[in-house]
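Ligands are counted one by one from 1 in listed order, and the atoms in each one are counted from 1 as well.
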Amino acid sequence: MAIIEFGEDFRWGVATAAYQIEGGVTEGGRGPSIWDTFSHTPGKVLNGDNGDVACDSYHRFEEDIQLMKELGVDVYRFSVSWPRIFPNGKGEVNREGLDYYHRLVDELLANGIEPMCTLYHWDLPQALQDIGGWDNRETVEAFVAYAELMFQEFSGKIHSWLTINEPWCVSFLSNYIGAHAPGNQDLGLAVTISHHLLLAHGKAVAKFREMKTGGKIGFAPNVTWLEAYSNSGEDMDACRRGMGWMIDWFLDPVFKGKYPEFMVEWFADREATLAIEEGDMEWIQQPVDFIGINYYESNVARHNKNSGMLQVEGIDMGYKKTDIGWYINAEGFYKVLTFIADKYGNIPIYITENGICINDDVEKGTVDDQRRVDYLKAHVTAVARSIKSGVNLKGYITWSLLDNFEWAEGYSKRFGLVHVNYRTLERTKKESFYWYQKLVNNHWLEV
Ligand code: NCW
């Protein structure tokens with residue numbers, strides 16, 4: 001037994017995202033998003049599920065905030081549904097949408113919980129997709145106008161902002177692999193979109209600085225760690241590409257003002273070239289106050305020329321898998337955090353997501369999710385180790401408060417500390433809820 005201690009100023013939190021929990025998709029003047037369209041297209045989401053009702057948090061946010069209060073968390077990371085604010089993506093503002101988020105934020109503040117707001121967690125207004133979505137630079141300008149309105153409206157209430165959640169998913173998973181909305185399969189398009197996302201991020205950060213409304217701003221890439229199967233040049237290069245696709249591709253432009261050459265070349269060889277316009281890189285390179293890291297899994301990999309566009313093949317080393325098939329590897333968490341701190345100058349980091357999917361269910365009024373407790377324990381321990389090694393970590397926010405709509409996997413995959421019965425919408429605290437409650441209140445952990 002050992003005790004791992006965290007400082008009193010280390011922040012603990014829980015995260016969610018609008019489309020995954022809110023429901024109420026036709027209420028309060030909300031316009032349609034690409035996820036409404038996608039989830040209502042047969043064959044796109046498992047079991048034909050959609051976010052029409054989700055956890056009904058649009059109506060039950062007070063109950064959810066009471067759960068957070070009982071947990072004792074410092075921070076709630078939530079996202080704003082862009083089409084609630086601009087039903088057509090731009091132009092006319094929907095006051096009812098803003099009022100909803102004022103009620104949410106006021107309730108959080110009244111309960112002593114700090115709001116951390118993500119502006120874009122994947123629910124692009126359909127009206128913008130109709131003009132080309134993130135492929136069109138007009139969407140970049142629409143995002144900046146939306147961000148500006150939010151900074152103004154919530155100045156003095158929200159002090160932590162994230163521009164874009166997991167730009168890799170928004171570009172490559174959604175427009176190259178095609179598993180997420182809008183479901184395109186075009187590498188060149190995905191590469192262009194990644195650039196436009198970074199541009200939207202940078203321009204929003206610049207607007208935030210110009211407005212001086214106060215607070216801190218960053219973005220939240222998803223990262224992984226890949227260990228080379230052998231130390232052959234080919235295997236090591238394959239691993240660098242696998243990581244470079246998620247990490248360097250999105251962080252180099254922000255922190256170094258240029259795309260990583262090894263990835264630029266790899267994409268160019270596959271006829272996917274960047275269309276960088278004059279001034280773009282200066283926008284993208286706006287200094288951020290912190291970086292949000294979303295981490296779930298890592299693995300061992302090697303080169304295989306027949307394995308996908310990147311020619312990287314993951315190897316089954318016997319790591320346990322979560323119920324969504326992601327490898328459990330807390331060591332990779334430690335390694336990727338130290339890698340990022342070393343490469344990008346030890347900027348303040350928040351873990352903005354980390355958690356595990358388990359197909360758990362309520363039995364006799366409780367949910368025994370010991371595997372979640374084990375996962376969280378191992379990963380929080382990795383966080384503590386990285387702090388000891390000098391990583392500038394400010395807080396840990398787990399995914400997720402509630403089971404919710406897991407995108408293309410529908411309701412079949414559960415990540416919550418709180419179980420949701422999707423028929424009755426009843427919430428049941430899992431064993432992991434009580435474990436996390438103890439951790440955030442004690443500021444220490446027994447391992
Ligand atoms: S799907 C995904 N997630 C989960 C989601 O609930 C959350 O909104 C996201 O921020 C949990 O955390 C993120 N991430 C995508 C991971 C990549 C999957 C790669 C599949 C390759 C085919």
*Is Asn165 close to ligand 1, meaning an N/O of one under 3.5 Å from an N/O of the other?*
yes
*Backbone or side chain, does any N or O of Gln20 fall under 3.5 Å from an N or O of ligand 1?*
yes
*asked:* Taking salt bridge (charged side-chain N to carboxylate O under 4.0 Å, His left out) as the criterion, tell me which of Lys90, Lys203, Lys207 meets it with Glu141.
replied: Lys203
*What residue and heavy atom of the protein are closest to atom 17 (C) of ligand 1, and at what distance?*
Trp168 CZ3, 3.9 Å
*Considering only protein heavy atoms, which is closest to atom 4 (C) of ligand 1, and at what distance to one decimal place?*
Glu406 OE2, 3.3 Å
*CG/Asp403 to NZ/Lys430 distance, rounded to the nearest 0.5 angstrom?*
3.5 Å
*Considering only protein heavy atoms, which is closest to atom 14 (N) of ligand 1, and at what distance to one decimal place?*
Glu166 OE1, 3.3 Å
*Restricting to pairs with a member in residues 325-345, which pass salt bridge (Lys or Arg N to Asp or Glu O under 4.0 Å), not counting sequence neighbours?*
Glu227-Lys335, Asp248-Lys343, Asp252-Lys343, Glu331-Arg385
_Tell me the contacting part of Ala17 for ligand 1: side chain, backbone, both, or neither, using a 4.0 Å heavy-atom threshold, strictly below._
neither
*For atom 20 (C) of ligand 1, closest protein heavy-atom neighbour*: Leu173 CD1, 4.0 Å
*What residue pairs, at least two apart or across chains, pass salt bridge (Lys or Arg N to Asp or Glu O under 4.0 Å) with a residue in residues 296-310?*
Arg302-Glu313
_Please list the nearest protein heavy atom to atom 9 (C) of ligand 1 with its residue and the distance rounded to 0.1 Å._
Glu353 OE1, 3.4 Å
*asked:* Checking a contact table here: which protein heavy atom is nearest atom 15 (C) of ligand 1, and how many Å away?
replied: Cys169 SG, 3.5 Å
*asked:* Within a 6.0 Å radius of atom NZ on Lys216, are there more than 12 heavy atoms belonging to other residues, nucleotides or ligands?
replied: no
*Side-chain donor-acceptor pair under 3.5 Å between Asn329 and Asn299, yes or no?*
no
*Only heavy atoms count here, so choose which of Phe405, Tyr296, Trp326 is nearest to atom 16 (C) of ligand 1.*
Trp326
*asked:* I'd like to check whether Asn222 has a polar contact with ligand 1, where a contact means an N/O of the residue lying under 3.5 Å from an N/O of the ligand.
replied: no
_Contact between Val45 and Asn50 at the side-chain level, heavy atoms closer than 4.5 Å - yes or no?_
no
*Is the closest heavy atom of Ala179 to ligand 1 under 4.0 Å?*
no
_Heavy-atom pair with the smallest gap, counting every atom of Trp283 and Ala206_ = CZ3-CB, 3.6 Å
*Quick check: does any side chain N or O of Arg372 sit under 3.5 Å from a backbone N or O of Glu431, one acting as donor and the other as acceptor?*
no
*Close approach of Glu409 to ligand 1, heavy atoms, under 4.0 angstrom*: no
_Check this for me - ligand 1, His180, N or O atoms closer than 3.5 angstrom, yes or no?_
no
